[in-house]
Amino acid sequence: MRDHAHLADIVARLRESNIDRIFVIGGDIHHPVGSFADAFSLLVGLEQFGHRFNAIGVAGYPEGHSSISASMIDAALRQKARYASEIITQLCFHPETIALWASALKSRGIGVPIRVGMPGAVPRRKLARISAKLGLGPSARFITKQHGMLARLFLPGGYHPKRLVDGLAPSLASAESTIAGFHLYTFNELRHTEAWRRDLLGQLDGSDFED
């Protein structure tokens, strides 16, 4: 995003296309290439334009980030929460970790609804490759921090989206929880993921999915 003029052009094009939901994320580049240093500054710019989007999502990191300190992530999320209607999490395969993280956010006064970002029906080998590219496993140290996540993807009984759904079911059912549903990352496996989603919705009552 080069500057405010570029932002104004993009907002206008989104309006013309009747797009009313956006996801604002800073990315991992070390030196900004334009006027907006991070997602927060872009959110401020959108507010100045009177954007009229119905929903704005920002990123959440239940297991932290490989190159950003926890204190920086917490400070940034507190800033962004004022402009956001939902928090969409980075990939995390541990429901207990997600639930504890959501509860901790709420205790700190961040009550924005959370949608848990989760892969859909994605082959495990492809998922492991994508996870590494997303910064979930760029070094042995971070892979260790993830409790051998990438290795476990290849084991029998490894990741399957239904297990994450089942593990978070108590949080979804709790009126005290800010976990409001799921956001499916298809990673170009759109047909398989949509088929899985429809099949699961046929088995569940009242669950909230979006992709």
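Residue numbers start at 1 and run along the sequence shown.
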Are any non-hydrogen side-chain atoms of [X] and [Y] less than 4.5 angstrom apart?
{"X": "V33", "Y": "R2", "value": "no"}
{"X": "L43", "Y": "V58", "value": "yes"}
{"X": "F93", "Y": "P119", "value": "yes"}
{"X": "D74", "Y": "R108", "value": "yes"}
{"X": "E176", "Y": "K106", "value": "yes"}
{"X": "L200", "Y": "K162", "value": "yes"}
{"X": "L7", "Y": "F49", "value": "yes"}
{"X": "T89", "Y": "R115", "value": "no"}

Which heavy atom of [X] sits nearest a heavy atom of [Y], and at what distance?
{"X": "W196", "Y": "A121", "answer": "CB-CB, 4.2 Å"}
{"X": "P170", "Y": "G167", "answer": "CD-O, 3.6 Å"}
{"X": "I110", "Y": "A81", "answer": "CG2-CB, 4.0 Å"}
{"X": "S177", "Y": "S171", "answer": "CB-O, 3.1 Å"}
{"X": "F187", "Y": "L91", "answer": "CZ-CD1, 4.1 Å"}
{"X": "V165", "Y": "F182", "answer": "CA-CZ, 3.9 Å"}

Legend entry - Verify same cluster id: L100, I73 (apolar side-chain graph, 4.5 Å):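 As far as the 4.5 Å side-chain criterion goes, I73 and L100 are not connected within one cluster.
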Inset, instruction - Check the hydrophobic clustering (I, L, V, M, F, W, Y; side-chain heavy atoms under 4.5 Å; chains of links allowed) and say if V24 and I19 are grouped together. - result: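 Yes; tracing contacts between hydrophobic side chains, which count when under 4.5 Å, links both residues.
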Inset, instruction - Apply salt bridge (Lys or Arg N to Asp or Glu O under 4.0 Å) to R198 and list each qualifying residue two or more places apart in sequence or on a separate chain. - result: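 Residues passing salt bridge (Lys or Arg N to Asp or Glu O under 4.0 Å) with R198: E194.
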Legend entry - Residue list, salt bridge (Lys or Arg N to Asp or Glu O under 4.0 Å) with R52, at least two apart or on another chain: none
From [atom1] ([X]) to [atom2] ([Y]), nearest 0.5 Å:
{"X": "I87", "Y": "K80", "atom1": "CD1", "atom2": "NZ", "answer": "8.5 Å"}
{"X": "I179", "Y": "S174", "atom1": "CD1", "atom2": "OG", "answer": "9.0 Å"}
{"X": "S35", "Y": "H6", "atom1": "OG", "atom2": "NE2", "answer": "11.0 Å"}
{"X": "L14", "Y": "I22", "atom1": "CG", "atom2": "CD1", "answer": "7.0 Å"}
{"X": "I68", "Y": "D38", "atom1": "CD1", "atom2": "CG", "answer": "10.0 Å"}
{"X": "L105", "Y": "I114", "atom1": "CG", "atom2": "CD1", "answer": "5.0 Å"}

Inset, instruction - Using atom types as modelled and distance alone, determine if a side-chain donor or acceptor of T178 lies under 3.5 Å from a backbone N or O of P113. - result: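 It does not hold such a pair.
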Legend entry - T193 side-chain N/O to L190 backbone N/O, donor-acceptor pair under 3.5 Å: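 No, because the side chain of T193 does not come within donor-acceptor range (under 3.5 Å) of the backbone of L190.
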Inset, instruction - Could you walk me through whether Q48 and H4 pass side chain to side chain contact (heavy atoms under 4.5 Å, CB included), step by step? - result: CA-CA 10 Å; Q48 292 171 345; H4 284 78; 3.9 Å; yes
Inset, instruction - Assess whether atom CG of N188 is packed by more than 12 heavy atoms of other residues, nucleotides or ligands within 6.0 Å. - result: no
Legend entry - Within 6.0 Å of NE2 in H192, more than 12 heavy atoms from elsewhere: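 Count not over threshold, so no.
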Inset, instruction - Could you pull out all residues at least two apart from F53 that satisfy ring-ring contact (aromatic ring centres under 6.0 Å, His included)? - result: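 ring-ring contact (aromatic ring centres under 6.0 Å, His included) list for F53, sorted by chain: H51.
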Inset, instruction - Can you label the angle between the Y83 ring and the F40 ring as parallel, tilted or perpendicular, going by 30° and 60°? - result: perpendicular
Inset, instruction - Check the pair E86 / H183 against side chain to side chain contact (heavy atoms under 4.5 Å, CB included), numbers first and verdict last. - result: CA-CA 11 Å; E86 59 186 6; H183 178 91; over 6 Å; no
Legend entry - Ion pair E47/R82, N-O distance below 4.0 Å: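 Judged by the 4.0 Å cut-off on N to carboxylate O distance, E47 and R82 do not form a salt bridge.
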Inset, instruction - Check the pair Q90, E63 against side chain to side chain contact (heavy atoms under 4.5 Å, CB included), reporting the backbone distance first and the verdict last. - result: CA-CA 8 Å; Q90 179 60 284; E63 290 186 304; over 6 Å; no
Inset, instruction - Apply side chain to side chain contact (heavy atoms under 4.5 Å, CB included) to L184 and M118, showing your working. - result: CA-CA 5 Å; L184 294 177; M118 58 180 288; 3.6 Å; yes
